[in-house]
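This one's a predicted model, so the numbers in the text were calculated from it and none came from an experiment. Because only heavy atoms are used, hydrogens play no part in the values below, and waters and symmetry mates are left out as well, while side chains stay in.
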Amino acid sequence: MRSKRARRFASADLISRTISVAAETGAAVAALQAHDTVKMTAPAEPSGYRTVHQTVARDTVFLAQTPQGFRRDVLQSALDEAARDGVEATDEAALAERAGHRVAIVDGEAANIKITTAADLTVAEAIARGGRPARTGRAGTGYDLHRLVEGRPLIVGGVTIPSPVGALGHSDGDVACHAVTDAILGAASLGDIGTHFPDSDARWKGASSLDLLARACALLAEEGLEVGNVDVTIVLERPKIKPHVAEMRALVARAIGIDASRVSIKGKTNEGVDAVGRGEAIAAHAIALVRSR
Ligand code: MG
C-alpha cells in the first residue's frame, strides 16, 4: 500500500466528514468530480498512437483523494480478501470495492492536492501561503566616507583597529556600520541614517555606530521587516582590515540580530588613487536584502 503522506492539505472538516460517512456506510473516499472530459483508450496501435476507445460521461467520474475511511470490519475483510488473492491496489477503497462493499463518495477539496513532483511543490507552496504573494526580498545600498585624521580611533565594523589615524566624525565614524545602516534603511524605504540619527542631535555625539545599526533594525522590525543578509566592501589604503574581518562580522551580525554567516565584509585598497588611495579617507559600500518577517 502506498504512503498517504503526499496530501498535506486535507482539512479537518474533510477528515471529519469522511469519518462520519464511513461510520454510516462502512466505507468512504474523498473524491473530486472531474472537470476534464475523460477518454478511455485502446491499447497502443502498431503506429505508436493511442486511440480513444470511449468517452466517459464526465458527471460519473470522480478523482479519488485521501482521506479514505472505513469501519474496521469492512477494512479488515477487504484486506483479508486481497491478501488471500495476492492482490495489490493503489488505495484501500479499491480493495473494499473488490470485496463487494459499497464505497460512498465524500466531496473532496481542490486544495487537497497530491505532492509528487517538483511542479506540485510549487503549487503546494502557493496553497501554503494561502494565496499571499511569494515572499520577495527588497534590496538597498549604502555608502559612506570619512576623513582620516590623527588623534581619532579607527573604528570599523565595531572593531578598533590599531592605526595612527582614525575617522573624523560626529559619531565614532564607523563607515562600515554607517553604510550597512543606510543599506538596510534604504531597502525598507525608511530614509537614511542622517534622518534618524542627525549630527545636530547631541544624543548621537560619540554614539556607537553598532548601537545606531541596532536601532535602525528595530525600526525595520516595527515595519514587519527583517534583514536577510548584508555585504560590505571597505575601501582603506592601510592598515589591512583582513585580520579583523571575523570580529567585525560577528559584531555587525549581533547588532542586526542575524547569524554572522549572513554578514559578508571585504577589504579593498584604492590602489593609491584619490584621497582614499592617499590614506586621507576611508570609505565603505554596502548592500542589504530586507524581507517581510
Ligand atoms: Mg558616516
Side-chain angles (χ1 to χ4, degrees), residues 1-136 224 291-293:
M1 219 47 74
R2 289 186 190 167
S3 161
K4 297 298 192 294
R5 292 168 59 83
R7 293 188 197 264
R8 313 302 297 194
F9 297 110
S11 70
D13 175 63
L14 178 58
I15 293 167
S16 298
R17 286 188 289 115
T18 306
I19 290 170
S20 79
V21 174
E24 187 185 327
T25 66
V29 55
L32 268 190
Q33 185 153 24
H35 294 306
D36 299 323
T37 298
V38 176
K39 304 284 188 189
M40 288 181 66
T41 60
E45 295 174 358
S47 67
Y49 290 111
R50 270 184 176 273
T51 57
V52 174
H53 171 63
Q54 191 187 340
T55 298
V56 181
R58 190 167 57 188
D59 57 359
T60 67
V61 176
F62 284 75
L63 306 175
Q65 303 186 330
T66 45
Q68 305 185 354
F70 307 89
R71 274 204 320 261
R72 188 185 176 83
D73 59 304
V74 170
L75 182 61
Q76 193 63 58
S77 77
L79 293 175
D80 288 348
E81 273 199 39
R84 189 191 64 209
D85 300 341
V87 169
E88 281 195 32
T90 53
D91 65 2
E92 287 85 352
L95 298 183
E97 294 153 34
R98 186 179 172 278
H101 298 289
R102 287 169 64 242
V103 179
I105 296 286
V106 177
D107 284 339
E109 295 171 340
N112 183 22
I113 63 163
K114 190 176 190 176
I115 305 163
T116 44
T117 67
D120 296 337
L121 209 51
T122 306
V123 176
E125 283 166 358
I127 293 170
R129 286 196 304 272
R132 292 187 299 278
R135 204 165 75 149
T136 51
R291 61 196 182 194
S292 51
R293 291 156 75 86

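In this structure, CD in E92 is found 6.5 Å from CG in L75, a value given to the nearest 0.5 Å. For the atom pair D73 CG and H101 NE2, the distance stands at 7.5 Å (nearest 0.5 Å). Considering NE2 of H53 and NZ of K39, their distance stands at 13.0 Å, rounded to 0.5 Å. Atom CG of L95 sits about 8.0 Å away from atom CZ of F70, to the nearest 0.5 Å. Here CZ of R71 is found 13.5 Å from CD of Q76. Values are rounded to the nearest 0.5 Å.
Scanning both residues, A111 and I127, for their nearest heavy atoms gives O-CD1, 3.7 Å. Across every non-hydrogen atom of L32 and A110, the tightest pair is CD1-CA, 3.8 Å. Taking each heavy atom of A10 and N112 in turn, the nearest pair found is N-OD1, 3.4 Å. For T18 against G69, the heavy-atom pair with the smallest separation is CG2-N, 3.6 Å. In terms of heavy-atom proximity, A99 sits nearest to A78 at CB-CA, 4.0 Å. Between A64 and A31 the shortest heavy-atom distance is CA-CB, 4.0 Å.
T55 is not listed as a side-chain neighbour of V38, based on a closest heavy-atom distance of 4.5 Å or more. Looking only at side-chain heavy atoms (C-beta outward), D120 and T117 come within less than 4.5 Å of each other. Side-chain contact between Q33 and D59 is present, with heavy atoms from C-beta onward closer than 4.5 Å.
Proximity of a side-chain donor or acceptor of R58 to a complementary backbone N or O of D36 within less than 3.5 Å is not detected. Q68 places no side-chain N or O within donor-acceptor distance of the main-chain N or O of D91, the cut-off being under 3.5 Å.
Using a cut-off of 4.0 Å between Lys/Arg side-chain N and Asp/Glu carboxylate O, D13 and R17 are scored as salt-bridged.
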Under the criterion side-chain contact (heavy atoms from CB on, under 4.5 Å), I'd like the reasoning laid out for I105 against V29: C-alpha separation, chi angles, the key distance, then a yes or no.
CA-CA 5 Å; I105 296 286; V29 55; 4.0 Å; yes
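Heavy atoms of other residues, nucleotides or ligands lying less than 6.0 angstrom from CZ of R102 number 12 at most.
Each of I115, T66, L14 was evaluated against R7; a single residue qualifies, T66, per the side chain to side chain contact (heavy atoms under 4.5 Å, CB included) test.
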